[in-house]
Amino acid sequence: MLLKGERMKSLTTIGLLIMSNIFMTFAWYGHLKFKELGWFSKWGLPAIILISWMIALFEYCFQVPANRIGFDGNGGPFNLWQLKVLQEVITLVVFTVFTTLLFKNETLRWNHLVGFVFLILAVYFIFRK
């Protein structure tokens with residue numbers, strides 16, 4: 001059972017990881033929608049990379065504090081393995097929402113869902129004492 005302070009650190013860590021992954025997903029995949037935005041479609045790859053880096057800066061502004069707050073070596077509730085698996089599962093959830101909302105031509109299939117079940121099992125086993 002988590003104590004009150006640990007629960008707050010857990011929720012803060014998870015919230016920061018969610019925000020981080022929203023920015024990360026837009027930095028990594030959002031530019032694929034630029035061609036639909038008119039004037040962005042004429043920009044070259046160096047400009048797109050620069051825009052993605054600017055978005056990714058915000059990712060780091062959330063990711064670094066999430067890891068520092070959440071890491072048990074800094075008084076947080078999660079060990080390094082747990083932080084990494086949490087981050088990966090959150091990444092896939094954010095990516096799934098992003099893809100299904102913005103990329104209508106991409107289909108969420110049964111094999112994707114089976115893969116997600118295995119990732120949830122990974123979380124279970126990583127957090128098992």
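- The minimum heavy-atom distance between Ser52 and Ala27, with the atom names listed, is OG-O, 2.9 Å.
- Linking ILVMFWY residues whenever their side-chain heavy atoms come closer than 4.5 Å, directly or via other members, places Leu92 and Val123 in the same cluster.
- Residues in residues 95-105 take part in no side chain to side chain donor-acceptor pair (under 3.5 Å) pair, two or more places apart or across chains.
- For the side-chain contact (heavy atoms from CB on, under 4.5 Å) test with Leu17, the passing option among Ile90, Val89, Val94, Thr91 is Ile90; the others fail.
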For Ile18 and Val93, run side chain to side chain contact (heavy atoms under 4.5 Å, CB included): C-alpha distance rounded to whole Å, both residues' side-chain angles, the deciding distance at 0.1 Å, then the answer. CA-CA 9 Å; Ile18 290 169; Val93 170; over 6 Å; no

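- Cluster membership for Trp28 and Tyr60, using ILVMFWY side-chain heavy atoms within less than 4.5 angstrom, is not shared.
- In this structure, CD1 on Ile22 lies 13.0 Å from CD1 on Ile55, to the nearest 0.5 angstrom.
- Hydrophobic clustering (ILVMFWY, side-chain heavy atoms < 4.5 Å, transitive): Phe58 and Leu50 are in distinct clusters.
- Separation of atoms CG (Leu83) and OG1 (Thr13) is listed at 6.5 Å; rounding is to 0.5 Å.
- Residue pairs that meet the side chain to side chain donor-acceptor pair (under 3.5 Å) test with at least one member in residues 61-85, sequence neighbours left out, are Ser20-Gln63, Lys84-Gln87, Lys84-Glu88.
- Listed by chain and residue number, nothing satisfies the ring pair (Phe, Tyr, Trp, His ring centres under 6.0 Å) test with Phe71 (two or more places apart in sequence, or in another chain).
- Grouping the Ile, Leu, Val, Met, Phe, Trp and Tyr side chains by contacts below 4.5 angstrom, directly or via other members, places Met19 apart from Leu101.
- By the rule that hydrophobic residues join a cluster once side-chain heavy atoms approach within less than 4.5 Å of another member, Leu113 and Leu119 end up as members of one cluster.
- In this structure, Tyr29 OH and Met24 CE are separated by 7.0 Å, a value rounded to the nearest 0.5 Å.
- Within the 4.5 Å cutoff, no side-chain heavy atoms of Leu57 are placed close to those of Phe23.
- Residue Leu86 holds its CG atom at 8.5 Å from OG of Ser10, rounded to the nearest 0.5 Å.
- Residues Ala66 and Leu16 share a closest heavy-atom pair of CB-CB, 3.5 Å.
- Here salt bridge (Lys or Arg N to Asp or Glu O under 4.0 Å) pairs that include residues 9-34, with residues two or more places apart or in two chains, are Lys33-Glu36.
- Distance check: Glu59 CD to Asn21 CG gives 7.0 Å after rounding to the nearest 0.5 Å.
- Taking CG from Leu45 and CD1 from Ile49, the interatomic distance works out to 4.0 Å, rounded to the nearest 0.5 Å.
- Judged as a ring-ring contact (aromatic ring centres under 6.0 Å, His included), the pairs with a partner in residues 107-129 (not counting sequence neighbours) are, in order, Phe78-Phe127.
- Not counting sequence neighbours, the partners of Phe98 by the ring pair (Phe, Tyr, Trp, His ring centres under 6.0 Å) test are Phe26, Phe103.
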